[in-house]
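In this text, all values refer to a predicted model and were calculated from it rather than measured experimentally.
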Amino acid sequence: MIGRRGKALILAYVAFLTILFLMCSTDLIIREPEREVYQIAVIIEDVRDDNYINFRKGMEQAAMEFNGDVQFITLYERLDGDQQMELMSREQQDGAHALIIVPADEERIVSALAQGQVSVPVVLLGSGLAGEGAAGTMAPDYKEMGAHLARKMAAGMEDGCQAVIVEEPGKKSVMDRLFLEGAKGVFEQEGIRWRTVKAESAQPELEDTILALGGREDKRTVILAQSPELLTEIAGIVPSFGGAVGGLYGRGSTLGVLNYLDQGLITGICVTDQFSVGYRSVEMAVQALEAGGGHRRQEVDFYYIEKEDLRRPEYEMLLYPIE
């Protein structure tokens, strides 16, 4: 039989456990300081949202880890610099703590930063300029990417082959421009003959060009696309050329591009780790908010991928990151 002293000890023990539980599971006794949720607006230059699937996954992962709330905003029209500037101003007024920008008009945005027209930290992605007014920039070397891809093309070209570059002159971003500049430089160094086809009439002009160049089984034409969108479009019409096309190359890792690569309609692509770019851009924005500091620049690696690489574990994680 438990005496009065024993009952008191039991009650004291139960009370101690109750208090300990409340301290561990609630803030009724010890209130933890609330962490601020950082509002981060992401304004991209491209209406093609599928270009940013893996990028978005990386940002969402980082937002969970760094207490961020990411708003993803897409321009209504590709490379509309005026609209992007308006959206940047609007997001600041609506309370965004930081901006992550894929520039539609890079020089204009860098100028606005230098003049102090943006009052919150800005991270620039795909930027070819220094952007000293930005909290950070992150980009691959697009010129070297184009050069690397052109060297891969040259290594696989048959004697007498010519290259066709499909461009969209009116919708050429700084990334497109640097990419093609690198490729054309290698073609000239290697003595490879090449010509440009404008995308407005890609299919009929490509057909005429391939016929004019003598594109046949014994002298096939290789094609380089300016952007992931054009690469996907051209891959869809490659079968109509029969055996006249000796290879189709470009950049990007959209599902459409990867599917055509798997089918053998695209020969080779250069890609970046978009998941990591998305993750690191949010991390960089939060670090700028919490610690301040000057401009940081991170260079992003790129990789050359062919069909047989799609099943390699290191590239599967890069191309198809787990959510």
Side-chain angles (χ1 to χ4, degrees), residues 24-27 30-46 49-75 84 87-104 106 109-110 112-113 116-127 129-140 175 253 271-303 314 316-323:
C24 294
S25 61
T26 73
D27 59 0
I30 300 177
R31 183 177 295 274
E32 295 183 2
E34 293 185 4
R35 289 188 62 191
E36 182 176 9
V37 176
Y38 299 113
Q39 303 294 329
I40 302 174
V42 184
I43 307 174
I44 62 172
E45 44 71 56
D46 199 338
D49 205 29
D50 58 340
N51 286 340
Y52 292 92
I53 292 175
N54 292 344
F55 175 70
R56 186 195 293 267
K57 290 179 182 178
M59 297 190 73
E60 291 172 347
Q61 178 66 37
M64 289 190 294
E65 295 183 16
F66 298 111
N67 218 44
D69 181 11
V70 175
Q71 301 295 323
F72 207 79
I73 302 165
T74 305
L75 301 184
Q84 190 168 62
L87 289 171
M88 290 172 63
S89 177
R90 185 195 74 184
E91 291 304 312
Q92 287 184 90
Q93 294 173 5
D94 289 349
H97 296 111
L99 303 176
I100 298 175
I101 307 293
V102 179
E106 185 177 76
I109 288 178
V110 171
L113 292 173
Q117 297 176 16
V118 185
S119 58
V120 299
V122 176
V123 175
L124 297 178
L125 303 180
S127 174
L129 300 178
E132 294 299 333
T137 55
M138 189 181 305
M175 295 175 277
S253 57
V271 302
T272 56
D273 185 350
Q274 287 295 302
F275 181 92
S276 294
V277 171
Y279 182 95
R280 287 157 57 191
S281 65
V282 171
E283 180 182 28
M284 188 181 287
V286 172
Q287 288 174 345
L289 288 167
E290 293 184 340
H295 172 264
R296 294 174 55 202
R297 179 173 179 83
Q298 292 187 17
E299 187 160 306
V300 180
D301 294 332
F302 63 83
Y303 308 87
E314 63 269 34
E316 280 191 310
M317 289 298 296
L318 185 150
L319 301 171
Y320 308 103
I322 299 173
E323 296 190 51

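- Within the model, atoms CZ of F55 and CD of E60 stand 11.0 Å from one another, a figure rounded to the nearest 0.5 Å.
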Practice prompt. Quick one: do E290 and Y38 satisfy side chain to side chain contact (heavy atoms under 4.5 Å, CB included)? Show the steps, please.
Written response: CA-CA 10 Å; E290 293 184 340; Y38 299 113; 3.0 Å; yes
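- With a 4.5 Å cut-off on side-chain heavy atoms, T74 and Y52 do not count as touching.
- For the residue pair L99 and A96, the shortest heavy atom distance occurs at CD2-CB, 4.2 Å.
- At least one side-chain heavy atom of I43 sits under 4.5 Å from a side-chain heavy atom of L75.
- Every side chain to side chain contact (heavy atoms under 4.5 Å, CB included) that E299 has, sequence neighbours left out, goes to D141.
- A distance of 9.5 Å separates CE in M317 from CG in D273, rounded to the nearest 0.5 Å.
- When every heavy atom of S253 is checked against every heavy atom of V271, the shortest pair comes out as CB-CG1, 3.9 Å.
- Atom OG of residue S276 and atom CD of residue Q61 lie 11.0 Å apart, to the nearest 0.5 angstrom.
- With sequence neighbours left out, Q287 forms a side chain to side chain donor-acceptor pair (under 3.5 Å) with R296.
- G126 and E106 get closest at one heavy-atom pair: O-OE2, 3.9 Å.
- By the side chain to side chain donor-acceptor pair (under 3.5 Å) test, D301 pairs with no residue at all, sequence neighbours left out.
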*Evaluate the criterion side chain to side chain contact (heavy atoms under 4.5 Å, CB included) for residue pair M59 and I100; output intermediate values, then yes/no.*
CA-CA 10 Å; M59 297 190 73; I100 298 175; 3.7 Å; yes
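- In terms of the side chain to side chain contact (heavy atoms under 4.5 Å, CB included) criterion, residue partners of A62 (sequence neighbours excluded) are, by chain and number, F66, Y279, V282.
- With sequence neighbours left out, Q71 forms a side chain to side chain donor-acceptor pair (under 3.5 Å) with D69.
- Summarising the geometry of L289 relative to A98, their closest heavy-atom pair is CD1-CB, 4.0 Å, with the distance given to 0.1 Å.
- Here A112 pairs with M85, Q117 under the side chain to side chain contact (heavy atoms under 4.5 Å, CB included) rule; sequence neighbours left out.
- Here the side chain of N54 pairs a donor or acceptor atom with the backbone of L319 at under 3.5 angstrom.
- Taking all atoms of both residues into account, the shortest heavy-atom contact from V37 to G68 is CG1-C, 4.3 Å.
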Checklist line | Worked verdict on V286 versus I40 for side chain to side chain contact (heavy atoms under 4.5 Å, CB included) | finding: CA-CA 9 Å; V286 172; I40 302 174; 4.1 Å; yes
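- Here the CD1 atom belonging to I73 is positioned 11.0 Å from the CE atom belonging to M88, to the nearest 0.5 angstrom.
- Residues meeting the side chain to side chain contact (heavy atoms under 4.5 Å, CB included) test with V300, sequence neighbours left out: M138, P140, T272, V277.
- Partners of Q92 according to the side chain to side chain donor-acceptor pair (under 3.5 Å) rule, which considers only residues two or more places apart in sequence or in another chain, are S119.
- Annotation: ring pair (Phe, Tyr, Trp, His ring centres under 6.0 Å) contacts of Y303 (sequence neighbours excluded): none.
- Taken from CG in L124 to CD1 in I101, the straight-line distance is 7.5 Å, to the nearest 0.5 Å.
- For the residue pair R56 and F72, the shortest heavy atom distance occurs at NH2-CD2, 3.2 Å.
- In this structure a side-chain-to-backbone donor-acceptor pair under 3.5 Å is present from Q84 to A104.
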